[in-house]
Amino acid sequence: MTYEFLQKAFVTSIIVGIICGVIGSFIVLRGMALMGDAISHAVLPGVAISYMLGVNFFYGAVATGILTALGIGLISQNSRVKNDSSIGIVFTAAFALGIILITLAQSATDLTQILFGNVLSVRTSDMWLTLIVGAAVILVVVLFYKELLVSSFDETMAAAYGLKTRLIHYMIMALLTLVTVASLQTVGVILVVSMLITPASTAYLLTNRLSTMIVLASVFGALSSIIGLYFSFVYNLPSGPVIALATTVIFLVAFLFSPKQGIFWRMLKTNKQRISVG
């Protein structure tokens with residue numbers, strides 16, 4: 001922590017882990033993991049175009065992410081094509097376009113870091129941008145927590161209460177896009193879905209309350225980022241894959257040993273029942 005670049009990487013990683021845990025909780029509850037994967041891949045053309053124009057990749061990535069979400073909704077709502085198929089059509093097209101633009105761009109090295117992440121190269125401006133995005137995302141979730149809670153568990157009931165479920169859906173898509181873009185330098189386009197889904201899924205195994213799930217997912221996301229940052233620096237490994245593996249290890253521990261859902265405890269309980277019956 002005596003190195004300035006490590007300090008910036010440390011702060012940025014924690015922020016990314018927290019906001020991914022917050023938004024990831026709603027993504028997991030709504031069964032929108034594929035949408036998270038789609039948005040993370042679909043921002044690639046915007047990143048490439050931003051580099052080619054010499055502007056911050058944040059703006060291009062946010063624009064293409066939002067356009068992707070709108071495009072998926074447009075196809076699924078105005079044709080017989082189902083939502084998952086619409087996601088596949090749009091995000092593969094956007095990702096393919098991004099790959100083509102990468103070959104045309106001069107900053108191939110920088111774009112490779114966007115693909116796989118390199119938190120150790122985070123600049124001061126990137127850290128502050130991530131902090132601003134994180135604060136905005138958390139503020140929106142706090143302000144509209146009740147609406148998000150009701151619509152995440154039962155959209156029909158939410159509509160009956162007069163909530164604008166479609167507007168809430170697109171609000172989550174916008175927040176997902178912002179979180180995805182903020183996470184690019186930490187875990188990259190390809191692996192950002194691991195930060196969105198795995199910590200939230202881990203928390204889902206440990207609690208039945210959304211508020212507790214959000215807190216746990218944020219803690220697991222931040223912890224995974226810190227562990228990944230440490231090992232990527234010490235062993236000179238790419239940060240994105242190491243962080244993704246850290247989230248998976250934490251999930252496996254919960255999967256095996258969580259008090260109610262863990263396989264180990266269920267096996268132990270089954271063996272005790274067999275012994276008592278015998």
Side-chain angles (χ1 to χ4, degrees), residues 8-28 32-33 35-44 46-47 50 56-66 68-69 91 95 98 110-123 125-138 140-141 172-202 214 217-229 232 238-248 250:
K8 291 184 287 189
F10 182 77
V11 173
T12 305
S13 298
I14 291 177
I15 297 169
V16 166
I18 291 172
I19 60 177
C20 281
V22 171
I23 296 301
S25 297
F26 295 104
I27 299 301
V28 168
M32 294 168 57
M35 178 65 82
D37 194 28
I39 297 294
S40 65
H41 285 71
V43 300
L44 188 59
V47 174
S50 296
N56 193 306
F57 73 86
F58 177 83
Y59 306 107
V62 169
T64 52
I66 292 175
T68 298
F91 104 76
F95 191 63
D110 293 333
L111 289 170
T112 301
Q113 291 181 1
I114 294 299
L115 276 175
F116 300 104
N118 186 7
V119 71
L120 298 178
S121 66
V122 168
R123 298 168 296 184
S125 59
D126 298 325
M127 182 186 69
W128 281 109
L129 185 61
T130 304
L131 182 61
I132 292 170
V133 170
V137 168
I138 293 174
V140 171
V141 170
I172 291 178
M173 289 300 96
L175 294 177
L176 174 60
T177 302
L178 289 173
V179 170
T180 298
V181 175
S183 308
L184 290 185
Q185 281 201 292
T186 305
V187 288
V189 166
I190 295 177
L191 297 170
V192 67
V193 70
S194 68
M195 287 293 288
L196 286 167
I197 304 304
T198 312
S201 298
T202 305
I214 291 173
S218 301
V219 170
F220 293 144
L223 181 62
S224 301
S225 297
I226 294 171
I227 293 171
L229 175 62
S232 65
S239 60
V242 180
I243 292 173
L245 285 177
T247 64
T248 306
I250 294 174

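Every heavy atom of this structure was used, including side-chain atoms; hydrogens, water molecules and symmetry mates were not.
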So which heavy atom on [X] is nearest to which on [Y], and how close?
| X | Y | value |
| --- | --- | --- |
| Ala182 | Val16 | O-CG2, 3.6 Å |
| Met195 | Ser225 | CE-OG, 3.3 Å |
| Ser194 | Pro199 | O-CD, 3.2 Å |
| Leu176 | Gly36 | CD2-CA, 3.8 Å |
| Ala217 | Gly21 | CB-O, 3.4 Å |
| Phe58 | Leu178 | CZ-CD2, 3.9 Å |

With sequence neighbours excluded, what pairs up with [X] under the side chain to side chain contact (heavy atoms under 4.5 Å, CB included) test?
| X | result |
| --- | --- |
| Val242 | Phe231, Ser232, Leu237 |
| Ser218 | Ile18, Val22, Ile214 |
| Val140 | Phe144, Met171, Leu175 |
| Ile15 | Val11, Thr130, Leu131 |

For Val179 and Val137: C-alpha separation, side-chain torsions, deciding distance, then whether side-chain contact (heavy atoms from CB on, under 4.5 Å) applies. CA-CA 8 Å; Val179 170; Val137 168; 3.9 Å; yes
Which value, rounded to the nearest 0.5 Å, describes the distance between [X] atom [atom1] and [Y] atom [atom2]?
| X | Y | atom1 | atom2 | result |
| --- | --- | --- | --- | --- |
| Ile243 | Leu223 | CD1 | CG | 11.5 Å |
| Ile172 | Ile27 | CD1 | CD1 | 6.5 Å |
| Leu196 | Phe26 | CG | CZ | 13.0 Å |
| Ile197 | Ile23 | CD1 | CD1 | 11.5 Å |
| Ile39 | Met32 | CD1 | CE | 8.5 Å |
| Leu245 | Thr247 | CG | OG1 | 7.5 Å |

Not counting sequence neighbours, which residues clear ring pair (Phe, Tyr, Trp, His ring centres under 6.0 Å) with Phe91? List them please. His41
